[in-house]
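Naming: A, B, ... by sequence-line order, numbering from 1 per chain. All heavy atoms count here, side chains included; hydrogens, waters and symmetry mates do not. As the structure is a prediction and not an experimental result, all values here were calculated from the model.
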Amino acid sequence: MNKIICATLSGVLEKALLKLKDSGKISFETLSQIRVEPTKDPKFGDVSTNVAMAMAAQANLPAPRLGALLVEVLKEASFNGVVESVEVAGPGFINFRLGRDPWIEVLAEILKSGAGYGKSSLGQGKKILIEFVSANPTGPLTLAHGRQAAVGDSLARIMKTSGFQVHKEYYLNDRGRQMSVLGRSVYLRYQECFGKKITFPEDFYQGDYILDLAKEVVEKEADRFLKEDEKDAVEFFSKYAGDRIMEDIRKDLSDFDVEFDHYFSERAFVATGRVEACLNELKKKGYTYEQEGALWLRSTPFGDDKDRVLIKSSGEMTYISPDAAYHEDKLRRGYDEVVDIWGPDHHGYIPRLKAAVAALGQNPERLKVIILQLATLFEGGQKLSMSTRRGEYVTLRQIMDEVGKDVGRYFFLMRKTDSHLDFDLELAKKESLENPVYYIQYAHARISSIFEKYMRESGSHEEIGLNSLSCLKTLEKEEVELIKRLGLFQEVLEGCCHSLDPYPLTDYLLKVAQSFHQFYTQHRVISESQEKTQGRLALVKAVKIVLRNGLGLLGVNAPEAM
RNA sequence: GCGCCCGUAGCUCAGUUGGAUAGAGCGACUGGCUUCGAACCAGUAGGCCGCAGGUUCAAUUCCUGCCGGGCGCACCA
């Protein structure tokens, strides 16, 4: 909430403690850190502190007794109308109840900042590179990519708002074995189109889209690849299929409101010779050795649990070679922190990559990996099983078609990144109270409708603004709760940055909507009293601002009407 | 076997730098629209916070050991 208030109060508390010490009523050596925090339950007042409990042992007094002494001193202090009452409760908490003014200040700040409310300088301009999705261009984006896209993009938006410079990157794995298998898969289907008998290997891409791509080529190029050399043909098909699939991926992302600043091509990167240079550097530093025809990285001294192969005995690079070079490159590009979002199946890869990066002379601490747990799709309590190999999976496109972008994004974000997510399609499709997205959007639409009614009936077109706040002479319980909630916005965003997880914001917005609905059913905004009406319009406008800004960070629309 | 994640209400989950009587949504039950959108609100029922120790004024939270579930431990990516 209002940090200034908390800081002021802790200053006052400190003085009170010293005063008690001077008067000989208590004794202590060092002042333990004073914490003043918003309460979670209004019956404990608005803000509370644990000093009495923290200092009890030193002062050699029971906490409630020390609390009582402090309250006595505090009652004599002047708070300039900020604090209404102070009392000691429970095991020794000192609870403050605030007067009207601090709450009006919170609203003033929101109305003043408008679309900028929520911005902070937490990041101090630190440069962050966040890499996510990075799906191989060998098939459509799936449910799992959808969650990554939602988390990565929303986290980037939140961090930007919190004063970080954020750059979003997609690592395009457009070379290597996978691409060649893709090319071969399409090539086989192509031959099949001309009635040629083929056997389609199990580890090739099974999905229907492979056949679709083959048909496209038949249409455009007719049978010319039947005559061509297989190697040339496969090369063409790899490139063609990869490019076409990538087009679809970009379209999917764009429709999901996820825009990358940069698509980083592995093929182009390898072509620069940087990967080789890194391998040479490792050799030169003596971090490699040859064994059984392969080149190994001595990664164990850097915290890995075994050494890793960089170049296979076949002469091909393993995945780690270009990946280590890529991460070294990212760290050298001048970012303070480099964040990756990976699936849980890659978590074992973290020590390996960090070791490689460290061997290349970069500080592995600057590399942060978010392991995003999987999402399982449910329909009416029934788990939908997926198998990429069999070509049975649900695509992000299907999700968007079925539930829409707003619901999709919100659902992907409504669990911690650490937690497995059950995505209930049936619930997501419901346009009812059970669906949290509608619950929040409904609050926003309701407020819009209040303004519409007000404009219509009063004929006024004046902006409701700061000057209306003075009309709020007194505050009802529900109004205080609502304002208190609104004031927590920045802190919630800071929490998201700290834990690298947009989840807390989804929960917060739900609570803002709840506080609003509670207020709404208890009190009327537009009433007989001009003054009350003006004041409450200012209040709900502030609610609208927070909902809109918050939803925007999640990539969810804030509709005027539903 | 080793590593990571998760065990909290019937179900899905919050509870992030340790705080007061452990919360929310769904489901169940009860009540509230002549009034700004009832896509809403109020109330009731429902708990060995997986188990056992430890750290301290205070542990769902931190540490250790077990139990149960998921995932990983490649010259795959």
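Rounded to whole Å, the separation between the P atoms of B/C49 and B/U21 comes to 15 Å. B/U44 and B/C2: their C1' atoms are spaced 50 Å apart (whole Å). Taking atom P in both B/A14 and B/G54, one finds a spacing of 30 Å when rounded to whole Å. Between the P atoms of B/G3 and B/G46, the separation comes to 42 Å (whole Å). Between B/G1 and B/U17, the two P atoms lie 35 Å apart (nearest whole Å). Spacing between B/G15 and B/G7 at atom C1', rounded to whole Å, works out to 15 Å. Distance noted for atom C1' between B/U56 and B/C13: 30 Å (whole Å). Nucleotides B/U8 and B/A24 are separated by 13 Å at their C1' atoms, to the nearest Å.
Straight-line distance from the NE2 atom of A/His347 to the C1' atom of B/A77: 16 Å, rounded to whole Å. Atom-to-atom, CD of A/Gln514 to C1' of B/A42 comes out at 12 Å; the value is rounded to the nearest Å. Separating the CG atom of A/Asp304 from the P atom of B/A74 is a distance of 11 Å, rounded to the nearest angstrom. A/Tyr439 has its OH atom 7 Å from the P atom of B/G25, to the nearest Å. To the nearest angstrom, P of B/G18 lies 14 Å from CE of A/Met53. Taking atom NE2 of residue A/His444 and atom C1' of nucleotide B/A39, one finds them 16 Å apart after rounding to whole Å. B/A38 atom C1' lies 9 Å from atom OH of A/Tyr520, rounded to whole Å. The separation between A/Asp422 atom CG and B/C26 atom P is 18 Å, rounded to whole Å.
Under a 4.0 Å N-O distance rule, the pair A/Arg456/A/Glu452 qualifies as a salt bridge. A salt bridge between A/Asp501 and A/Arg415 is absent, with no side-chain N of the basic residue lying under 4.0 Å from a carboxylate O of the acidic one. A/Glu479 has a carboxylate O that lies under 4.0 Å from a charged side-chain N of A/Arg536, or vice versa, which qualifies the two as a salt bridge.
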Using a cut-off of under 3.5 Å, enumerate the N/O to N/O pairs linking the protein to nucleotides 28-34 of chain B.
none

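When both pairing distances are held under 3.5 Å, B/U16 makes no Watson-Crick or G-U pair with any nucleotide shown. Look at B/G72: its Watson-Crick or wobble partner, with both distances under 3.5 angstrom, is B/C2. Checking B/G65 for Watson-Crick or G-U wobble geometry (two distances, each under 3.5 Å) identifies B/C51 as its partner. In this structure, B/G37 forms no base pair with any nucleotide, since neither Watson-Crick nor G-U wobble geometry is met with both distances under 3.5 Å. Under the Watson-Crick and G-U wobble criteria, each requiring two contacts below 3.5 Å, nucleotide B/U60 is left unpaired. Base pairing analysis places B/G10 opposite B/C26; the two distances defining the Watson-Crick or G-U wobble pair are each below 3.5 Å. Across every strand in view, B/A45 sits unpaired, with no contact that passes the Watson-Crick or G-U test at under 3.5 angstrom.
Using a 4.0 Å heavy-atom cutoff across all strands shown, A/Asn136 reaches sugar-phosphate atoms only and no base atom. Within 4.0 Å (heavy atoms only), A/Ser499 reaches at least one base atom of the nucleic acid. Among the atoms of the strands shown, none is found under 4.0 Å from any heavy atom of A/Phe451. Counting non-hydrogen atoms under 4.0 angstrom, A/Asn173 reaches the backbone sugars and phosphates but no base. Within 4.0 Å (heavy atoms only), A/Met562 reaches at least one base atom of the nucleic acid. As judged by a 4.0 angstrom heavy-atom cut-off over every strand, A/Ala561 is placed among the base-contacting residues. Within the 4.0 angstrom heavy-atom criterion, base atoms lie near A/Ala294.
For A/Arg524, whose side chain is taken as the heavy atoms from C-beta onward, the closest listed nucleotide among B/A42, B/U16, B/C36 is B/C36. Listed nucleotides: B/C5, B/C40, B/A42. Nearest to the side chain of A/Gln373: B/C5. Counting only heavy atoms from C-beta on, A/Ser48 has its side chain closest to B/A20 among B/G37, B/A14, B/A20. If you check B/C6, B/C36, B/U12 against the side chain of A/Asp418, the one that comes closest is B/C6. Across B/A39, B/C36, B/C75, the shortest atom-to-atom separation from the side chain of A/Tyr442 is found for B/A39. Between B/A77, B/C36, B/U16, one nucleotide has an atom nearer to the side chain of A/Ile526 than all others, and that is B/C36.
In this structure, the side chains of A/Leu155 and A/Leu500 come closer than 4.5 Å at one or more pairs of heavy atoms. Here the side chains of A/Lys484 and A/Pro38 are not in contact, with every heavy-atom distance at 4.5 Å or above.
Remark: the A/Asp340 side chain and the A/Tyr171 side chain contain no N/O donor-acceptor pair separated by less than 3.5 Å.
We find that the ring of A/Phe93 and the base of B/A20 stack, their centres lying under 5.5 angstrom apart and their planes tilted less than 30°. Here A/Phe44 counts as stacked on B/A20: its ring centre is under 5.5 angstrom from the base ring centre and the planes meet at under 30°.
The base of B/C75 lies close enough to the side chain of A/Ser313 for a donor and an acceptor atom to sit less than 3.5 Å apart. Below the 3.5 angstrom threshold, one finds no donor paired with an acceptor across the side chain of A/His346 and the base of B/G72. Looking at A/Asn50, its side chain comes within 3.5 Å of the base of B/G19 through a donor and an acceptor atom. A donor N or O paired with an acceptor N or O is found under 3.5 Å between the base of B/C75 and the side-chain atoms of A/Glu292.
The phosphate of B/A14 (OP1 or OP2) has a side-chain N or O of A/Ser419 nearer than 4.0 angstrom. Side-chain N/O atoms of A/Lys453 include none lying less than 4.0 angstrom from OP1 or OP2 on B/G37. In this structure, A/Lys511 does not reach the B/A14 phosphate: none of its side-chain N or O atoms is under 4.0 Å from OP1 or OP2.
With A/Thr506 contributing its side chain and A/Pro502 its backbone, the two residues share no donor-acceptor pair below 3.5 Å.
A/Glu276 CD: 12 or fewer foreign heavy atoms inside a 6.0 Å radius. Remark: A/His420 NE2 is packed, more than 12 non-hydrogen atoms of other residues, nucleotides or ligands lying under 6.0 Å away.
You'll find the ring centres of A/Phe412 and A/Phe423 inside the 6.0 Å limit. Side-chain rings of A/Phe489 and A/Tyr508 approach one another, their centers coming within less than 6.0 Å.
Remark on RNA chain B: of its neighbouring residues A/Pro91 and A/Ser314, the 5'-side contact belongs to A/Pro91, judged by nearest-heavy-atom nucleotide. Taking the nucleotide of RNA chain B with the nearest heavy atom to each of A/Ala89 and A/Arg446, the more 5' of the two is matched to A/Ala89.
Cation-pi contact between A/Arg274 and A/Phe269: absent, since separation from the ring centre below 6.0 Å together with deviation from the ring axis within 45° is not met.
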